[in-house]
Amino acid sequence: MHSTFSTRLLSLYGVLFFLFIYLPIGLIFVYSFNSNPINMMVWQSFTFDWYRTIFGFSAEVTEATLYVESTDQLIGAVQNSLIVASVAASLSTLLGTAAALALYRFRVRLEGFYRALMMTPMMMPDIVLGIALLIFFVSIGIDLGVTTIMIGHCTFLISYVFIIVSARLAGMDPSLEEASADLGATPFTTFRRITLPRILPGVMGGLMLAFIISMDDLVITYFISGVDATTLPVFILSMIRRGVKPEINAIASMLLMFSIIVASLGIYLRARSEKRL
Amino acid sequence: MPAAQQTASRTNTTNDVVLSIQCAHRSFKTPEGGQVHALRGVDLDIFENEFVTLLGPSGCGKTTLLRCISGFERLDSGDIAIGGESMARRPAHKRPVNTVFQSYALFPHMTVLQNIGYGLEAAGVGRRERIARSEEALEMVGLGDMGQRRPEQLSGGQQQRVALARAIVNRPRLLLLDEPLSALDRNLRQQMQIELKRLQHELGIAFVFVTHDQEEALTMSDRIAIFNGGRIEQLASPREIYDHPASEFVARFIGESNLFSGKIADATLISSTGNPLPLCSKQLDLRNFDNGRQVTAVIRPEHLHLCAPEAPQAQLNARITEVIFLGTEYQLICTLNDQSLIKVRVTDVNTPLSVGQNIGLSYAPEQLHLIAGSTPLRGAA
């Protein structure tokens, strides 16, 4: 009797716990299909209109409920975000993996110190990094724009890739590389045939993570994006400033879906690799 | 000592030297800033078709030496030559040796056949020949039908065999084995010992086998190099090492032994056990041991015989402290007059034995082997 009661209490806690985490996100998703243009909290009827307007299709909604600049600028921001995320994630994956390999392979003095140095940018307050990058770019005279966003993102994305690839390397039997050399393979062949396949899931996972973090970054990007180069999060922020309109729910929901897909892919790749040891 | 011992026990001098190690030194820095001397002047020649075991406790330098031969570690000084060619400037992947790793180190993302063919592929052997030779090697280790499996789908013993096949398929001048049997259970280990010996005969490759297991070493080796503190204490055939250990360390490390230290006086050993222990005068002459010389005498438990206490033939008197039944024999632990313990093997299991019983012990003087000096770590004796 008693145990059933406490079990139920525990279940209730579990439900509340997940509601606490997911209710706000779930609501946005629901609201994005609510046709009520005035008050999104009152359900009127199901509609795809908010999604249609984002993509520039005509919809039977009043102009007042839409953001003026909608489609063109939004698509420009999405494009910027995708370009920045692709380049920054690729570059930081390359650099982060190389750094992880270097610290794994060579007996470096002060190795712990260098590892800490690699991880620090990740833990640095975004606002500090943002300001620092802004001041740096301005003082050496680089015009703010897509390039500065890419460089800025790399500075902290490398940390994430470094950690994931390092963990993967730490789990690798060091005698595998020795066995390869012992069997007559050149260092390059060893890397191509043994090391890279072993760490590839980590590298891919790092790439995915770096990509969604870059897509999602607001604070740092806000400081270093300049006037013309607006990424999606910065654009959304500027829209919100002029009031919360139903359209924003649709944008947020799509961004959410996109992140979930990329993150799931990353998790799937890592899980598959762990199963294979 | 090592050099002299080496020549004395060399049985196959007509063969060519395949591996020659000269004065190998290697030390490591410890994280605390100290230095560990893993190798302190090791000399070792290994001949074609020879099975040599590097035996010693952990941290004695045997694995370091193996890693220096395979090229994963460098020597601080000294030289390693394989087939007469110095390996000093050759990286691991250009050396004509292959290794069976303790962890097997099979490539988990490749099939068994791909694992075995890896070395041939690196050597540029064509696909067809590669597969044929890999299958042949797999056949040799008795896993003919496992080629398409992944290493994770094999048992530990099977992985061990694949690791062996992967190493021998390249026909190295020298096969290095780094404690390859330590992860296997006892039965499998004994089976693999026999098979390794068979493979070595079939292939005609010199094997250098690292282990800390004396039974393994005694079973398989043509010669055993006993390592201690970065040096070879003795290099000789298993029989020679068992019968004539060159130092106290070797005597203690190989087999069970009873040690008495004392001074020689008129063909007897005066030690703290009370009675003077008779020595073999032939041995004294041969080794030039004079009266007053400090020596350690070694006697194996199986060379001690029971007799009545205080009997005329009893050279030692003792009291039984413990009786351990070992199946085909008893091991007795007895206390001598000076409270030191002595081990005795009794093969006649029908002898009535009880704890607290007083017994006499006798031995044939020629079974008492003498070691000069009495301190275990005085150089290499």
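All chains are named by letter (A, B, ...) in the order of the sequence lines, taking the proteins before the strands, and each is independently numbered beginning at 1.
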CZ on R95(B) to CZ on R173(B), rounded to 0.5 Å: 14.5 Å
OG on S20(B) to CD1 on I80(B), rounded to 0.5 Å: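 It is 9.5 Å, given to the nearest 0.5 Å.
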For [X], is it the side chain, the backbone, both, or neither that has a heavy atom closer than 4.5 Å to a heavy atom of chain A?
{"X": "L176(B)", "value": "neither"}
{"X": "A92(B)", "value": "both"}
{"X": "F107(B)", "value": "both"}
{"X": "E121(B)", "value": "side chain"}
{"X": "R67(B)", "value": "side chain"}
{"X": "N170(B)", "value": "side chain"}

Steps toward side-chain contact (heavy atoms from CB on, under 4.5 Å) verdict (L82(A), V78(A)): CA-CA 6 Å; L82(A) 287 173; V78(A) 169; 4.0 Å; yes
Short N-O contact, R198(A) and E177(A), less than 4.0 angstrom: no
Residues E136(B) and R133(B) bridged, charged N to O under 4.0 Å: no
side-chain contact (heavy atoms from CB on, under 4.5 Å) between F227(B) and L39(B), intermediate numbers included: CA-CA 10 Å; F227(B) 272 74; L39(B) 298 175; 4.3 Å; yes
Under 4.5 Å from any heavy atom of chain B - which part of D173(A):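 The side chain, not the backbone.
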Selection from Y104(B), F101(B), F72(B) maximising heavy-atom pairs under 4.5 Å formed with chain A: F72(B)
